[in-house]
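Residues take their numbers from the sequence shown, with the count starting at 1.
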Amino acid sequence: MATYPGKDIEREASCASCVACDQASLTAAEAAAAAWEGPAARIVAVEPESPADDAGFTPGCYLTTVDGEPLRDIIDWRWLAADDGICVGYIDLDGEAGEVELEREPGERWGFEFDGVLFDSVKLCRNACVFCFMRQLPDGVRPSLVLRDADFRLSFLSGPFVTLTNLKPEDEARIIEQHISPLRVSLHASEPELRRRMIGKHAAHGLAALDRLLAAGIEAHAQIVLMPGVNDGEALRETLEWAWERPGINGVGIVPLGFTKHQTALHESFTTPEAARGVIDVIAPFQQRARAERGTPWVFAADEFYVNAFGAATPAHIPPASDYGDYDMFEDGIGIVRSYVDEFEEVCENGLAARAAEALAARNLTARYIIGEAMQPFLDAMIAASPLAGRLVPLTVRNDYFGGNVNVTGLLTAQDIAPAIQAASEEEGSASSREQGSDGGRSNRASSAANGNVQWTFPQSEDCLSDLECPAALPGQAEGNRELFLLPSVIFNDNGVTLDDMTVQDIENAAGASVSVVSCNPCDYLPEIIKLAQDEP
């Protein structure tokens with residue numbers, strides 16, 4: 001799942017969903033910026049003793065131009081402010097507009113920090129992709145989750161894939177002039193009619209734009225969302241041949257169709273071992289040729305294909321780290337398993353895993369690390385063969401909120417996590433009075449579905465010390481072995497909320513258990529576990 005500037009998306013969604021701006025609540029600077037004919041970049045911080053500070057800029061002011069040119073985004077700022085002397089247009093805190101000359105020493109920063117990376121509106125998608133995940137979300141999600149952005153600037157800055165179907169001639173000219181490269185482009189299929197059926201009537205425009213940009217020296221990473229019986233098999237081979245003939249396409253990532261239960265058109269993906277291995281086999285000849293001629297595999301299958309194909313044996317079949325290079329497609333689920341496996345082996349070899357197990361044992365603790373079903377087949381086996389066996393016990397949570405084939409950790413919601421934690425906590429409480437197995441008698445799988453038709457409610461960030469919400473003796477913690485419930489940080493956005501708008505406090509209130517947020521990688525989360533264990537009484 002791609003990560004991109006949340007501030008810009010949240011702001012755009014908020015503006016799109018409101019009926020009218022409350023002008024009375026705006027500051028003088030905000031009102032003036034809203035009335036400004038062009039874009040305005042809001043300043044949120046000024047570096048002390050910088051040229052911006054020397055000129056009197058403060059948070060809350062706006063920049064509007066550089067040397068008379070409009071400031072549309074952070075790319076414009078980097079492009080236009082490259083010299084050591086510039087003239088910036090501004091709006092001050094009183095709402096007054098003006099211009100000021102700025103100078104800096106070679107290599108010195110100007111000292112501005114802006115609110116987001118886009119200073120005008122987000123460019124929206126105009127396609128009708130049959131596999132669009134945003135069209136498959138449940139009702140009532142926050143507006144930013146269903147805002148269908150397709151902005152080439154965000155593609156360049158932070159990784160989302162775009163089809164280029166909404167590019168205007170001036171956009172193409174700007175990309176070439178400012179050499180906004182590499183872009184991340186959704187290819188899906190090269191055959192025109194197939195691509196049109198998959199993404200809509202503007203498909204040809206995007207493909208032609210890509211060819212023009214490649215001819216002008218712009219590079220691209222391409223992505224293919226693979227649909228069974230649609231663009232796989234021979235169609236996939238044709239698309240890869242088309243891309244191979246264009247050296248400006250640095251690589252191609254193939255991700256399987258994802259679908260939720262909140263739609264009726266999509267029902268299958270490459271979930272069986274046979275289907276997943278079929279895709280791996282199709283790309284193998286292209287990888288062999290690419291390694292020989294370009295020194296890289298060039299085409300990459302998402303980790304899901306390998307996990308679905310090989311299950312618990314995935315670590316032995318996932319490509320080596322050298323194949324992934326700089327992990328350019330990491331955010332799209334390509335190379336995550338390889339990176340995780342390598343890090344886990346590292347912490348076992350350097351003793352960090354053993355130290356974490358000792359720290360947990362010293363406090364009679366078991367760390368229950370929340371994961372989605374995608375990791376379960378191989379992670380359970382890896383931990384069982386490590387020094388952490390019996391002390392780090394994954395709590396695999398089924399994604400009932402989205403349903404379908406959605407099973408990655410990053411898309412888990414509080415509505416599934418909280419009942420899973422409560423069920424595991426209650427099981428631990430009862431397990432303390434019976435003979436325990438090698439894993440301490442704890443289940444490593446849980447689902448809200450296991451709780452029948454219980455309807456979970458989530459109080460909004462109430463005080464967890466309340467007797468009503470969080471009794472003094474939490475289940476399973478009165479005596480005997482105790483559990484640390486750990487939430488990987490990928491579950492939360494920059495504002496600290498899950499996809500269903502719940503905070504850590506909300507999860508604790510609903511689960512009746514304390515939880516901690518930790519990192520997603522072994523080299524990071526094991527030191528955090530050690531500290532949490534040492535802080536326990």
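Residues satisfying the salt bridge (Lys or Arg N to Asp or Glu O under 4.0 Å) criterion with Lys261, sequence neighbours excluded, are absent altogether. For Glu241, the side chain to side chain contact (heavy atoms under 4.5 Å, CB included) criterion is met by Phe286, Arg289, not counting sequence neighbours. Residues meeting the side chain to side chain contact (heavy atoms under 4.5 Å, CB included) test with Asn166, sequence neighbours left out: Lys123, Arg126, Ala150. Legend: residues meeting salt bridge (Lys or Arg N to Asp or Glu O under 4.0 Å) with Glu234, ordered by chain and number and at least two apart, are Arg237. For Thr413, the side chain to side chain contact (heavy atoms under 4.5 Å, CB included) partners two or more places apart in sequence, or in a different chain, are Tyr401, Phe402, Gln415, Asp416, Leu499, Asp500. Partners of Arg195 according to the salt bridge (Lys or Arg N to Asp or Glu O under 4.0 Å) rule, which considers only residues two or more places apart in sequence or in another chain, do not exist here. Here Arg197 pairs with nothing under the salt bridge (Lys or Arg N to Asp or Glu O under 4.0 Å) rule; sequence neighbours left out. Scanning for side chain to side chain contact (heavy atoms under 4.5 Å, CB included) contacts around Pro256 gives Ser269, Phe270, Ala302, Glu304, Phe305, with sequence neighbours left out.
A cation-pi arrangement is present between Arg294 and Trp244, with the terminal nitrogen or guanidinium carbon under 6.0 Å from the aromatic centre and inside a 45° cone about the axis.
Asp171 contributes atom CG, which lies 11.0 Å from atom CD1 of Ile176 (distance to the nearest 0.5 angstrom). For the atom pair SG (Cys87) and CG (Leu102), the distance works out to 8.0 Å, reported to the nearest 0.5 Å.
Applying the ring-ring contact (aromatic ring centres under 6.0 Å, His included) rule to pairs touching residues 41-65 yields Phe57-Tyr90, Phe57-Phe112, sequence neighbours excluded. Sequence neighbours left out, the pairs with a member in residues 167-218 that pass ring-ring contact (aromatic ring centres under 6.0 Å, His included) are Phe131-His188.
Remark: Arg153 does not engage Asp76 in a salt bridge, criterion side-chain N to carboxylate O under 4.0 Å.
A donor-acceptor contact shorter than 3.5 Å is absent between the side chain of Asp149 and the backbone of Asp151.
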Let me have the donor-acceptor pairs involving side chains of residues 30-40, under 3.5 Å, with sequence neighbours excluded, atom names and distances please.
residue: Glu30; atom: OE1; partner: Thr27; partner atom: N; Å: 2.9
residue: Glu30; atom: OE1; partner: Thr27; partner atom: OG1; Å: 3.4

Report, one line per pair, each donor and acceptor closer than 3.5 Å where one atom sits in a side chain of residues 210-223; sequence neighbours left out.
residue: Asp211; atom: OD1; partner: Arg246; partner atom: NE; Å: 2.8
residue: Asp211; atom: OD2; partner: Arg246; partner atom: NH2; Å: 3.4
residue: Arg212; atom: NE; partner: Glu172; partner atom: OE1; Å: 2.9
residue: Arg212; atom: NH2; partner: Glu172; partner atom: OE2; Å: 2.7
residue: Glu219; atom: OE1; partner: Asn250; partner atom: ND2; Å: 3.1
residue: Gln223; atom: NE2; partner: Asp332; partner atom: OD1; Å: 3.3

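Contact check for Thr296 versus Arg291: no side-chain heavy atoms found under the 4.5 Å cut-off.
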